[in-house]
Amino acid sequence: MKYDFQAIEKKWQDNWEKTKPYAAVNGDPRPKFYGLIEFPYPSGQGLHVGHPRPFTAMDIVCRKRRMQGYNVLFPIGFDSFGLPTENYAIKNHIHPAIVTRDNIKTFTAQLKMLGYSFDWDRCVDTSDPNYYKWTQWIFLKMFENDMAYKTTMPVNWCTSCKCVLANEEVVDGVCERCGSPVVQKEKSQWMLRITKYAQRLIDDLDDLDYINRVKIQQRNWIGRSEGLELDFKVTTGDTVTVYTTRPDTVFGVTYMVISPEHPLLEQWKDQIQNWDEVDAYRKEAARKSDFERGELNKDKTGVCLQGVRAVNPANRASVPFFVSDYVLMGYGTGIVMGVPGHDQRDWDFAEKFGLPIIEVVAGGDMTEAAYATKESSIVVNSGFLDGMTVKDAITAMADYAEKEGFGRRKVNYKLRDWVFTRQRYWGEPIPLVNCKTCGWVPIPESELPLELPMVDSYELTDDGESPLSKMTDWVNTTCPKCGGPAQRETDTMPNWAGSCWYFLRYMDPHNDKEFASREALEYWSPVDWYNGGMEHTTLHLLYSRFWHTFLYDIGAVPTIEPYQKRTSHGMILGEGGEKMSKSRGNVINPNDIVSQYGADTMRLHIMFIGDFEKAVSWSNEAVKGSKRFLDRVWNLGESCSDDPAVSAQHETLLNKTIKKVTEDIEELKMNTAIAAMMTLVNDYTAQGCSKGDLEQLLLLLSPFVPHIVEELWERKGYAASYGKMACQMDWPTYDEGKIAADTVEMAVQVAGKLKGTVVVPVDSEQDAVVEAAQKLEKVQRAMDGMQIVKVIFRPNKIVNLILKPRA
RNA sequence: GCCGGUGUGGCGGAACUGGCAGACGCAAGGGACUUAAAAUCCCUCGGUGGCAGCACCGUGCGGGUUCGAGCCCCGCCACCGGCACCA
């Protein structure tokens, strides 16, 4: 017998809409639980099958928490600024605000259709001026605290679209949209000093319950390294500084290299005898994109600076100076010491330019390749360092350099400051004006939000300036400080801005005095459990940790870290295990699954499909199994007896199942939790069940498949007798005593090979089990002509008989 | 190259702390019901040999530790994700 899921799901969704059983209550005396999912970008394609995976998982966790007595905040919103909407708007000549409004409508309907227990009254939308007012406010706080600054830097420029592209829009060196080459172009940009927080963003990870790969990826991205800054005297009369993590190899320096972008080159112009050649090389390097420089990295290029030499501070040797693009301006000092013996890049360079290669750590073959040393390798050819291990020599050289005054210990990070501006329309306006006399001046807080003007054309300009730059009425304003003429900043914030703090707004979404009240922040902070995609680990997750730590420093939020726990889900792939994409035609639309099988089946199946953390491929065929399971549950409602007690025959399995489901949900092992419930249902179906048995099952199922559960809960009269919906009941508890059976089945092995099992009383002694085991036919056969020399015995688990031939 | 991760039936996946490999589901085959089909229900379902009892083999490959290894150790291979001239 099939159930009418369409009618049932509609009925309960309407009910929840009216009765709001999932509303979070600020200041409630119950313990709080804040569960968070990454709010979706409301794209024109609507909800993707990838969304329900994390959403359903957290919905289950939150529904269970409510049943466990928590005051749960499980909010939803929309991250609605961004490029796809803007591009769609350009193509179809519809204003992005309208596109966004329509898309949010679609998303809202789809999310409600899946029965999530969101508190819809707290919904936020990052492109709503009431929201981005506070995004701008936080930016102004950053500006006030010297965390935002403007600088000129190269950006990606599409030669065909004549516009600036975000890094994410550059794929393999070409424009994602038109396939034209992307080149670098200098532009003035607002930057955020995330590097100031590099160390804290590493250190504060220690106390957080993040899955390990997230922590590792963030640490690697920040890229802390400990080393030494070393000063080298140069024949130009200057002293240059290099950064090295390997001061033990200073005696192996045979040349120096400076980055083509280094400003010092310009200063040395008159002393470089082959300046024309050097200058040509610089210009060539400038033309290359980062991508080309990276791609062509195998073949080293460079030019020797004629007339410039450096002196090795360790051994007074004079070494040549080169310019080469394998040295990056953005890391360290833009100058490196060349140690070809122990760095493969330096080795390649030395080979190409015929430079000497000195072995300073024993163990390798310098004619073949650089020798990658270990901490325990021994230093040679290095004066006072000779005979030391690499590890000791690093310390010894650092001490020596500091004592002699030509070096300092130094920590470096790979993390760069955050380029915070986009030359686009559909983003938060930056609330600053540029005044000839006062410089950059923030607009007064009372004028926030600085709203995006409605422009006639939000299309891109030829010169790469933001579409806002053409809005002269809007651009030209007066300086808030001196009252003189001034211009507004016309770039907007990147799409990561709004998501940096949205979880704070959920705590107090309608507040028009502050981004959230102190009481709300103190009550709900921090987010207890945040689930999201691995692809956001070094972007959104890191950015929002940075903002939050900054907000803590200025006293705006009560905790240092925003999220106590972070988990991550795997991707849903198409049928063949390939990424879902329009071009492959393998995109699964959740709508189709819901209309064919119902929301409960969709929810159940997306959880049952596999290990939550791993990528899985979707199978339309397999969905049927989940539907069949729900049909069987429905049938139990028709067939169960009226007995309100849990029946003895199901007691053990039921208690085991409650334990399994209770524990598995906490580890997001929804697949095994569901498997356990399937086993229970199979047992109920085969042996029949009572109303009491069914009641417990429904409570367990309630977070997973809420619609069918509420319907059965009502029909079978539980709702009437308790006066509550199933989702408002207490979570079922289990009794360990009822899980433990009187007897246990133990494995019997002979010489490690399984021969059978014996059923014995729990906690049987070794002798009794061995005796029982020897009665097994297979054991007897194996023992023919043998005697027992040893018995391995693990109570209630296994007995293993070790035999040898009878003498 | 570096850092993570993964590898188990035809498929998705289970397996506690080293203790009965393959739970649960899909597909497949056989049967029941049906005029028939769908749905539902029952049975089989890692491989090889055998009518069968049963025997042997089996968790990417090669070694090792152990009474016992999918799980631990050493050495490989393949795939996935991230970073990548970061000195």
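Hydrogens, waters and symmetry mates play no part in the numbers below; they use all other heavy atoms, side chains included. The shown structure was predicted, so the numbers you read here are calculated from the model rather than taken from an experiment. In the text below, chain A, chain B and the rest are named by the order of the sequence lines, each starting its count at 1.
Listed by chain and residue number, A:Ile222, A:Tyr413, A:Leu415 satisfy the side chain to side chain contact (heavy atoms under 4.5 Å, CB included) test with A:Ala198 (two or more places apart in sequence, or in another chain). In this view, A:Lys414 satisfies the salt bridge (charged side-chain N to carboxylate O under 4.0 Å, His left out) rule with no residue, not counting sequence neighbours. Taking A:Phe353 as the reference, A:Phe322, A:Phe349, A:Leu355 meet the side chain to side chain contact (heavy atoms under 4.5 Å, CB included) condition, with sequence neighbours excluded. Taking A:Val681 as the reference, A:Phe629, A:Arg632, A:Val633, A:Leu636, A:Thr685, A:Leu697 meet the side chain to side chain contact (heavy atoms under 4.5 Å, CB included) condition, with sequence neighbours excluded. Taking the side chain to side chain contact (heavy atoms under 4.5 Å, CB included) definition, one finds that A:Asn800 meets it with A:Gln749, A:Ile792, A:Ile802, sequence neighbours left out.
Under the salt bridge (Lys or Arg N to Asp or Glu O under 4.0 Å) criterion, the residue pairs touching residues 215-228 of chain A are A:Asp206-A:Arg219, A:Arg224-A:Glu226, with sequence neighbours excluded. For residues 607-619 of chain A, every residue pair satisfying the side-chain hydrogen bond (donor to acceptor under 3.5 Å, both in side chains) rule, not counting sequence neighbours, is listed here: A:Trp618-A:Asn620. Screening residues 766-792 of chain A for ring-ring contact (aromatic ring centres under 6.0 Å, His included) gives no qualifying pairs among residues at least two apart or on separate chains. Sorted pairs that involve residues 747-804 of chain A and meet ring-ring contact (aromatic ring centres under 6.0 Å, His included), not counting sequence neighbours, are lacking altogether.
Contact annotation: A:Tyr326 does not reach the phosphate of B:rA87 (side-chain N/O to OP1 or OP2, under 4.0 Å). Of the side-chain N and O atoms in A:Ser619, none sit less than 4.0 angstrom from OP1 or OP2 of B:rA27. For B:rA27, one of the phosphate oxygens OP1 or OP2 lies less than 4.0 angstrom from a side-chain nitrogen or oxygen of A:Arg628.
Residue A:Lys790 places its side chain closer to B:rC67 than to any other of B:rA87, B:rC3, B:rC67.
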Margin query: Each nucleotide in nucleotides 13-24 of chain B should get exactly one letter: B, S or -. Can you fill that in based on protein heavy atoms under 4.0 Å?
Written below: SSSB--BBS-BB
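Panel note: side chain A:Ser377, backbone A:Val361; no donor-acceptor pair is recorded below 3.5 Å.
Under the 90° criterion around 0 for the glycosidic angle, B:rG9 counts as syn.
Nearest heavy-atom pair, A:Gln218 versus A:Leu205, reported as atom, atom and distance to 0.1 Å: OE1-CD2, 3.7 Å.
Stems are defined here as 3 or more consecutive Watson-Crick or G-U wobble pairs with pairing distances under 3.5 Å; those involving RNA chain B are B:1-7 with B:77-83, B:10-12 with B:24-26, B:28-32 with B:40-44, B:46-49 with B:54-57, B:60-64 with B:72-76.
The separation of B:rU65 from B:rC71, taken at their P atoms, amounts to 15 Å, rounded to a whole angstrom.
The stretch residues 243-254 of chain A touches RNA chain B through A:Tyr243, A:Thr244, A:Thr245, each having a heavy atom under 4.0 angstrom from the strand.
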